*Asks:* 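Please see the structure below; I have some questions.
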Amino acid sequence: MAEGSAELELFRRRWREELAGGAKRRRQEAAAEPERHRSAEPGEPSYLALARGLLDGGTPACRSPSPARPAEEPAEDGGGGGDGDDLLGQLIRDLNEINEVPFFDIQLPYELALKIFQYLSKTELGRCAQVSRTWKVLAEDEVLWYRLCQQEGYLLDTSISDHSCWKLALKNCRARERTLKTNWKNRIGAVSQLRYELGKILCDVHTCDGVVIAGYTSGEVRLWDTRTWDYTAPILEPMHGPGDAGPQPHVSFVRINSSLAVAAYEDGTVSVWNLMFGREPIHHYQHNQRIQALALGSEGATVATASGFEVKVESPDDRGFWQTTETFEIQKLILLYNLETSQCLKKMGNSIGDFTCVNLQNSPPNMLVTGNKDRRVRVFDLRKGESLCSLYAHQLGVSAVQMDDWKIVSGGEEGLVCVWDQRMGTKLWEMHARHPVRHVWFNSHSLITANIPDEKTPRGASITDDDLTVHRKHRGIIYAYEFSVDQLAVESILPICRSSYDELSGYNYNIGLAVPYDNI
């Protein structure tokens, strides 16, 4: 763009110099030949007489040569066009000098010109801004750059009046995205631990848009909101029955979306909470056998549970009453269904044993990332039904995967979290913890991982409900990574320094609760 601007400026400078030289030459010729072009009026440039003749219907070719120059004398430019051609060319050059852009100042309504410019890209708008002052005003209009910002997925929840310069806002968003990508690749960020340690063991973790839900062997279900870094973990109360005075069953699975939270327990019960209506469940139902899998729709209120060989789907009707909408048997293959039409779209693999984990919900459109029994991470294109890349990831097996348009995060049974560059097929970095990685979730700036132990009753630990002696190495851990430059300064503070005086209970294995500090 800079080279084009320099060339344009050089062309304009040479053009003006040529015009100035031509005007000087014409004045000299007029002084030397006062009788030339007698048809012109006194004080009138000679080419205006030619222009008047052209408007009257004449052409330069049919005009006779000037008496001051014999017909046999060759033209100065060696061209044979005569004075008519020279004067007509000078007329065009002088008219061009009047306008900043030759033959281009077409008067259009501003709104119409803006509609034409809205089809241009950032690069094209930058080039158009160098054409003229009028085009510069058009190319830098706030409406155009607001639309470009929205089209690229930035600041979607803002209006055009929220920023005074949308071109600068788009530039800052792109710079922030490049910084985030660099931080991801080089593991530059802050890490925190989401702990709820009352002597119980972590059973399952799930995340939706930065909100984390965790279930424990005590039967309790806790929530964290990492978007505001609020680590006060509220409890979602279970459904109490008349004979529920004893210990609560362990939590088997937890799921959460933007409005609902669901937990499945070892005794086959399922509780559903509405995150807007408090801590009491809004729905509760029972399976006859132990629940093997739990799923919750990303939007709306659809819960699916698998028990034995049966899959049950429940959702509320128009009046808010929950009911079983569909039941079917577990398949030996991975089948992809359209939930609106109930039609099978694709079959993946030869048997269900081919896959150890699958992530379709968080993957880009038409993409599926899986962990396979051969300890590899594979990415499938659902339109072609074939594998796009294969990564040898974890020696003991792949337990959790997620991908976006450029990276893959995988977790393994050995406790290793790996971040991969998808296009290059290379590992960027890894982190290790004691227990298997059972949950991985990330967005543009955050990463949440959960290391969950397989052993829920470790040797030497009491099974009484009020026991606090389970060593922390047996409990599992939830890590929250933050790669955003806006959060690094705050999140570099140690978790112990973020404790508050509201946390009154503590013991030797939790110094953060035993010796609380002021909030920083």
Side-chain angles (χ1 to χ4, degrees), residues 192-287 290-291 293-305 307 312 314-316 320-322 438-439 441 448 450 452 456 465-466 468 475-478 480 500 502-505 513:
S192 300
Q193 297 180 3
L194 309 184
R195 285 181 175 171
Y196 170 67
E197 298 176 350
L198 291 179
K200 298 304 176 183
I201 297 174
L202 188 63
C203 293
D204 194 30
V205 175
H206 194 247
T207 310
C208 177
D209 294 333
V211 180
V212 183
I213 184 172
Y216 295 85
T217 54
S218 61
E220 293 184 353
V221 179
R222 295 265 173 166
L223 292 177
W224 289 268
D225 190 350
T226 63
R227 297 170 297 184
T228 58
W229 296 102
D230 179 10
Y231 290 117
T232 302
I235 303 175
L236 298 179
E237 300 290 345
M239 182 71 73
H240 295 287
D244 294 343
Q248 295 293 326
H250 294 181
V251 177
S252 300
F253 303 98
V254 289
R255 294 292 182 270
I256 190 172
N257 63 14
S258 58
S259 58
L260 295 181
V262 184
Y265 298 87
E266 276 194 330
D267 61 352
T269 60
V270 178
S271 295
V272 182
W273 294 270
N274 190 316
L275 299 179
M276 306 299 294
F277 294 159
R279 302 180 178 181
E280 293 294 330
I282 61 171
H283 182 55
H284 180 82
Y285 64 96
Q286 180 80 36
H287 275 277
R290 184 176 181 273
I291 296 175
L294 172 68
L296 176 63
S298 58
E299 298 293 338
T302 302
V303 179
T305 52
S307 176
K312 180 185 294 187
E314 296 215 357
S315 61
F321 294 103
W322 285 75
R438 299 299 182 194
H439 176 69
W441 176 89
I448 304 240
I452 300 175
K456 301 299 189 265
D465 185 55
D466 58 350
L468 303 178
R475 299 174 193 156
I477 192 67
I478 306 172
S500 66
D502 296 335
E503 300 170 342
L504 302 178
S505 61
L513 297 180

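Values in this document were obtained by computation on a predicted structure and should not be read as measured data.
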*Asks:* Would you say the side-chain atoms of Thr226 pair up with the backbone N or O of Gly210, donor to acceptor, closer than 3.5 Å?
*Replies:*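 Confirmed, Thr226 side chain pairs with Gly210 backbone.
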*Asks:* Going by side-chain contact (heavy atoms from CB on, under 4.5 Å), name the residues that satisfy it together with Asn274, two or more places apart in sequence or in a different chain.
*Replies:*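 Partners of Asn274 under the side-chain contact (heavy atoms from CB on, under 4.5 Å) test: Leu260, Met276, Phe277, Ile282.
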*Asks:* How long is the gap from CD on Glu280 to CH2 on Trp273, to the nearest 0.5 Å?
*Replies:*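 Taking CD in Glu280 and CH2 in Trp273, the distance rounds to 10.0 Å.
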*Asks:* Counting distance only, does the side-chain N/O of Gln286 pair as donor-acceptor with the main-chain N or O of Asp267 below 3.5 Å?
*Replies:*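 Yes, the answer is positive, given that a donor and an acceptor are paired below the 3.5 Å cut-off.
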*Asks:* Determine whether Ile478 and Ile448 make a side-chain contact, defined as any pair of heavy atoms from C-beta on separated by less than 4.5 Å.
*Replies:*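 A side-chain contact under 4.5 Å exists here.
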*Asks:* Answer whether the closest heavy-atom distance between the side chains of Ile256 and Leu223 falls below 4.5 Å.
*Replies:*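 A side-chain contact under 4.5 Å exists here.
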*Asks:* Please report the closest heavy-atom contact between Tyr216 and Arg222, naming both atoms and the distance.
*Replies:*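 Heavy atoms only, the tightest pair is CE1-CG, 4.0 Å.
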*Asks:* Do Lys456 and Cys203 come within less than 4.5 Å of each other through their side chains, counting heavy atoms only?
*Replies:*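 A side-chain contact exists here, since the closest heavy-atom pair is under 4.5 Å.
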*Asks:* List in chain and number order the residues that pass ring-ring contact (aromatic ring centres under 6.0 Å, His included) with His287, two or more places apart in sequence or in another chain; answer none if no residue qualifies.
*Replies:*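 Partners of His287 under the ring-ring contact (aromatic ring centres under 6.0 Å, His included) test: Tyr285.
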*Asks:* Which atoms form the tightest heavy-atom contact between Pro316 and Ala301, and what is the distance?
*Replies:*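 Smallest interatomic distance, heavy atoms only, reads CD-O, 3.1 Å.
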*Asks:* Of the non-hydrogen atoms in His284 and Ser271, which two are nearest, and what is the gap between them?
*Replies:*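 So the two residues come closest at ND1-OG, 3.3 Å.
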*Asks:* Can you confirm whether Val205 sits close enough to Arg438 that some side-chain heavy atom of one is under 4.5 Å from a side-chain heavy atom of the other?
*Replies:*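 Side chain of Val205 against side chain of Arg438, heavy atoms only: no contact under 4.5 Å found.
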*Asks:* What heavy-atom pair brings Glu314 and Trp322 nearest, and what distance separates the two atoms?
*Replies:*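 The pair with the smallest heavy-atom distance is O-CZ3, 3.7 Å.
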*Asks:* Got a donor-acceptor contact below 3.5 angstrom from the Thr217 side chain to the Ile201 backbone?
*Replies:*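 Answer holds: yes.
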*Asks:* Assess the residue pair Leu296 and Phe253 against the criterion (side chain to side chain contact (heavy atoms under 4.5 Å, CB included)); give the C-alpha distance rounded to whole Å, side-chain angles, the decisive distance to 0.1 Å, and a yes or no.
*Replies:* CA-CA 11 Å; Leu296 176 63; Phe253 303 98; over 6 Å; no
*Asks:* What is the minimum heavy-atom distance between Trp224 and Ala214, and which atoms define it?
*Replies:*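 In terms of heavy atoms, the two residues are closest at CZ3-CB, 3.6 Å.
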*Asks:* Measure across Ser258 and Cys208 and return the closest heavy-atom pair with its distance rounded to 0.1 Å.
*Replies:*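 Scanning both residues completely, I find the closest heavy atoms to be N-SG, 3.7 Å.
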*Asks:* Report yes if the side chains of Leu294 and Val303 come closer than 4.5 Å at any heavy-atom pair, otherwise no.
*Replies:*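 Heavy-atom side-chain distance check passes, below 4.5 Å.
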*Asks:* I need the His439 NE2 to Thr207 OG1 distance, nearest 0.5 Å.
*Replies:*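 OG1 of Thr207 is found 3.0 Å from NE2 of His439.
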*Asks:* Using salt bridge (Lys or Arg N to Asp or Glu O under 4.0 Å) as the criterion, list what pairs up with Arg255, not counting sequence neighbours.
*Replies:*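 In terms of salt bridge (Lys or Arg N to Asp or Glu O under 4.0 Å), with neighbours along the sequence ignored, Arg255 is linked to Asp204.
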*Asks:* Please check if the side chain of His206 supplies one atom and the backbone of Ile213 the other of a donor-acceptor pair under 3.5 Å.
*Replies:*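 Checked: no pair found.
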